[in-house]
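Everything on this sheet refers to the single structure shown next.
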Number of protein chains: 2
Amino acid sequence: MEAEKKPKPSVFDADCSARDALELIASKWAILILGALGEQPMRNGAMLRKIGGISQKMLTQTLRQLECNGLVLREDHGTVPPQVVYRLTPLGGTLNEALAGLDRWAEANFPALDAAREKYLAAQCESTRR
Amino acid sequence: MEAEKKPKPSVFDADCSARDALELIASKWAILILGALGEQPMRNGAMLRKIGGISQKMLTQTLRQLECNGLVLREDHGTVPPQVVYRLTPLGGTLNEALAGLDRWAEANFPALDAAREKYLAAQCESTRR
DNA sequence: CTGTATCCTGTATGATACTG
DNA sequence: CAGTATCATACAGGATACAG
């Protein structure tokens, strides 16, 4: 029970898989896509409309990444025209709950951030004036 | 009470401050720095050691950003040699709690991600073989 | 509709060297 | 110790055109 040999896999370790996991979800598009799918399963076009500012490229790219890591399920109904539905996997669902807290925080506290930024920049400006 | 005029500020809106807030914290370095400071106030050097792989440049840059937005407080004791301590503000503390959930998720579920990825890539490879 | 393939530019970030 | 300045580069991500 030496504290010495404690492997201690943590996000703070540069070469830990946990860090990789963190980087995967530390992306605004990933967070928004998971958030959207958390509300309900959706198709490509619907997400394009739901998530303001995302491009088709980033949507596809991020979805593939999430699918690859088992967070999102891609259901291709193989019809013509194509009907592809994306939904969260159970694992993705658990992540989405942690993420939802973030979204809520952002929506609740951005006024405080804006205020702090303005104050900071004002002080900055004043000190520059001498 | 028309549903029509509902402003509905949401992270899904491209030009909403909430989105800006989200982008601010959707950065691996910001998440890690806040996580480190959540454990205890720390100095530059300590964070450099604590957070594996971060460069002095990114550390300073991200800290300034967080400070500017009122999430981190910078205490310069004005001594020689310099003693600069960083700590979370109350606002930063609330964010850190939401973020801590993410860190925990990453550390708990990265094995599942790794497994899914391996499986996905294997299937990928197989389909490419024909 | 749901993508994929290219091209192209800005930005993010690391390395390195220097300063108070 | 705590930064700042500069340079070089890789990559993110947009625009556009094409395809099944």
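Each chain gets a letter, A, B and so on, in the order the sequences are listed, and its residues count up from 1. These numbers come from a predicted model, not from an experiment.
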Protein-nucleotide distance ([X], atom [atom1]; [N], atom [atom2]), rounded to Å:
{"X": "Gln56(B)", "N": "dT4(D)", "atom1": "CD", "atom2": "P", "value": "8 Å"}
{"X": "Tyr86(A)", "N": "dT2(C)", "atom1": "OH", "atom2": "P", "value": "8 Å"}
{"X": "Leu59(B)", "N": "dA12(C)", "atom1": "CG", "atom2": "P", "value": "17 Å"}
{"X": "Lys57(A)", "N": "dA17(D)", "atom1": "NZ", "atom2": "P", "value": "16 Å"}
{"X": "Met58(B)", "N": "dA5(D)", "atom1": "CE", "atom2": "C1'", "value": "16 Å"}
{"X": "Leu48(A)", "N": "dT2(C)", "atom1": "CG", "atom2": "C1'", "value": "10 Å"}

Grab the two heavy atoms, one from [X] and one from [Y], that are nearest each other, plus how far apart they are.
{"X": "Ser17(B)", "Y": "Asp114(A)", "answer": "OG-OD2, 3.2 Å"}
{"X": "Phe12(B)", "Y": "Gly35(A)", "answer": "CZ-C, 3.8 Å"}
{"X": "Pro9(A)", "Y": "Cys16(A)", "answer": "CB-SG, 4.1 Å"}

Counting only heavy atoms not in Glu97(A), do more than 12 fall under 6.0 Å of its CD?
-> no
Above 12 or not: heavy atoms from other molecules or residues under 6.0 Å from CD of Glu118(B)?
->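 No, the 6.0 Å shell around CD holds no more than 12 heavy atoms from other groups.
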Does a salt bridge link Arg74(B) with Glu67(B), judged by any charged N lying under 4.0 Å from a carboxylate O?
->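 Judged by the 4.0 Å cut-off on N to carboxylate O distance, Arg74(B) and Glu67(B) do not form a salt bridge.
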Option among Asn96(A), Leu66(A), Thr94(A) that satisfies the side-chain contact (heavy atoms from CB on, under 4.5 Å) test with Leu71(A) =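 By the side-chain contact (heavy atoms from CB on, under 4.5 Å) criterion, Leu71(A) pairs with just one of Asn96(A), Leu66(A), Thr94(A): Leu66(A).
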Hey, can you pull the residues of residues 61-84 of chain A with a non-hydrogen atom under 4.0 angstrom from DNA chain D?
->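 Of all residues in residues 61-84 of chain A, the ones placing a heavy atom under 4.0 Å from DNA chain D are Pro82(A).
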Phosphate OP1/OP2 of [N] contacted by [X] side-chain N/O (<4.0 Å):
{"X": "Asn44(A)", "N": "dC1(C)", "answer": "no"}
{"X": "Ser55(A)", "N": "dG14(D)", "answer": "yes"}
{"X": "Arg43(A)", "N": "dT2(C)", "answer": "yes"}

Of the residues in residues 17-25 of chain B, which ones touch DNA chain C at a heavy-atom distance under 4.0 Å?
-> none
Applying the 4.5 Å side-chain criterion to the ILVMFWY set and letting contacts propagate, would Phe110(A) and Leu34(B) be lumped into a single cluster?
-> no
Pairs touching residues 32-48 of chain A that satisfy salt bridge (charged side-chain N to carboxylate O under 4.0 Å, His left out), sequence neighbours left out | Glu39(A)-Lys50(A)
